[in-house]
Amino acid sequence: MTQPEPHFLSHPFDDDKLKEECGIFGVIGVTDAANFVALGLHALQHRGQEAGGIVAHDPEKGFNSAHRFGYVRDNFTKASLMETLPGPLAIGHVRYSTAGKKAAVIRDIQPFFGEFSMGGAAIAHNGNLTNAEALRRELIEHGAIFQSGSDSECIIHLMARSFQKTHADRIADALRRCEGAFSVVAMTRTKLIGVRDPLGVRPLVLGRIGDNGYVLSSETCGLDIIGAHFVREIEPGEMVVIQDGKIESARPFHQATPRFCIFEHVYFSRPDSIIGGRSVYETRRQIGVELAREAPVEADLVCPVPDSGTPAAIGFSQESGIPFALGITRNQYMGRTFIEPTEQIRNMGVRLKLNVNKSLVKGKRVILVDDSVVRGTTSRKIKEMILDAGAAEVHFRIASPPTAWPCFYGVDTPDRNKLLAAKMTEDEMRDWIGVDSLKFISLDGLYRAAGEANGRNNACPQYCDACFSGEYPVVPSDQIEKGFEMKTQEAAE
């Protein structure tokens, strides 16, 4: 009997969040590097839960790979599988679809591997190429045969057509043709390579393990899990090539003003990671402090929407003096996918994952702190749960500005017409959700929380905040070709 394609059904609670982009990880100079990569991917699981893959190289057994659907813990912890991935060099990737087919297809799972005249190489990519469709058409017209629906495969084909003499030079040559956001880890038989795009939209850090081992990871939490020491961030527009315990750095792209994704601070990165020398947890706590200053309200309890709203709720409570309380409990064992539910089960919606502490919230004026409002559907359901539990009032405080524009740089954002903030004012959103008050942190407040004391520099923003401002640092040419209309300069001003 033919097995059906795996079906990853997002739970209604998850469907109203911006989806994590992807996580990448690479290790060189240790025995059984793939085991370290598996641990690193486990730490980066929050960046992609749909699928994962590892490619490893052993001097005697060559390249070997494994690509699997589902969680890292359910696949890459099995000794029988890890024994097929020997060697001192390996890279890996955890995936959530941001380009290509949304249904899970095994050939879309990275890392991608290719054989070149100078030997094999594999790449794993976090981000999104905004000119991928134009590149794909051009490559197909010149004879390329694509195996996946992923934009990342364009990089392999561009490498194959480069006339450069080394893998690293071919990667640089290929990425110079690419627009958008990319952090890349790649490997050859002897080298581990890391690259960030000139704007540095997506993160990539360097760590050291043992005497001659090095690690590349999307976040510092990936270093912590394997006991690696943080060395530094790979800088925007930088390429590092690691071999025999030595690191070579190059700048293969035109210099640009960095525009790191500010939503990494708000939601994507793990709170125990460090970004730009700053604790993600502390930034999120400070967002709550700024929110309490900007949008105070009389209430009895400050409750986070688990789990991403917790640090901001703590900050709000500390600044306002209103007690912090865990008014909502999350079922940690729900998992990303659930049994194919009946209509009755589907109607339970958020209750499958969240439950209200009735004795705590009954008769109380409750401030709910969440990281974002995307479609608003989950916010309405949570509000109903709080009111059903007997709360006297419900006030929402949101730890990011209104999400009014889609992201084209590696985040699975709904079409603009599905974003609540693109269709409604803040007051209209408050009435539609049905709460007593709704306030978002200002863009300047978010920048202050991220360490920019004077707020946002409107003439030259310090971060990519296109999902809030509509100001895209890289023109999304593929989307414009499909009819997407960017904000006009007059509107931006």
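The first residue in the sequence is number 1, and the count goes up from there. All values reported here derive from a predicted model rather than from experimental measurement.
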So, for Phe468 and Phe263, is the gap between ring centers shorter than 6.0 Å? yes
Taking the side chain from [X] and the backbone from [Y], do they hold a donor-acceptor pair closer than 3.5 Å?
| X | Y | value |
| --- | --- | --- |
| Arg397 | Phe440 | no |
| Asp108 | Gly149 | yes |
| Ser217 | Phe25 | no |
| His57 | Thr190 | no |
| Ser65 | Ile54 | no |

Are [X] and [Y] close enough that some pair of their side-chain heavy atoms sits under 4.5 Å apart?
| X | Y | answer |
| --- | --- | --- |
| Phe69 | Ile109 | yes |
| Ile156 | Ile123 | yes |
| Leu443 | Ser469 | yes |
| Arg202 | Phe182 | no |
| Tyr447 | Pro461 | yes |
| Leu175 | Ile155 | yes |
| Ile226 | Val30 | no |

For a quick test of reading the model, state the closest non-hydrogen atom pair linking [X] to [Y] and the distance between them.
| X | Y | result |
| --- | --- | --- |
| Ser152 | Gln110 | OG-NE2, 2.9 Å |
| Leu204 | Val184 | CD2-O, 3.8 Å |
| Ile274 | Thr220 | N-OG1, 2.8 Å |
| Leu223 | Leu206 | CD1-O, 4.1 Å |
| Arg278 | Ala449 | NH2-O, 2.8 Å |

Return yes if a side-chain donor-acceptor contact under 3.5 Å exists between Gln318 and Arg285, otherwise no. yes
Indicate whether the side chain of Thr166 and that of Asp169 have a donor and an acceptor atom separated by less than 3.5 Å. yes
Ion pair check, [X] and [Y], cut-off under 4.0 Å:
| X | Y | result |
| --- | --- | --- |
| Arg47 | Glu264 | yes |
| Glu471 | Arg259 | no |
| Arg270 | Asp272 | yes |

Within 45 degrees of the axis of the six-membered ring of Phe146 and under 6.0 Å from its centre: does Arg136 put its NZ or CZ there? yes
Give me each pair satisfying ring pair (Phe, Tyr, Trp, His ring centres under 6.0 Å) with a member in residues 209-242, each pair once, sequence neighbours excluded. none
Students often mix this up, so state it plainly: with edges at 30° and 60°, are the rings of Tyr472 and Trp405 parallel, tilted or perpendicular? perpendicular
On the 0 to 90° scale, with breaks at 30° and 60°, tag the Phe113-Phe63 ring pair as parallel, tilted or perpendicular. tilted
Inspect the surroundings of [atom1] in [X] and state if more than 12 heavy atoms from other residues, nucleotides or ligands are less than 6.0 Å away.
| X | atom1 | answer |
| --- | --- | --- |
| His42 | NE2 | no |
| Arg189 | CZ | no |
| Gln255 | CD | no |
| Glu248 | CD | no |

Under the ring pair (Phe, Tyr, Trp, His ring centres under 6.0 Å) test, which residues partner Phe36, sequence neighbours left out? none
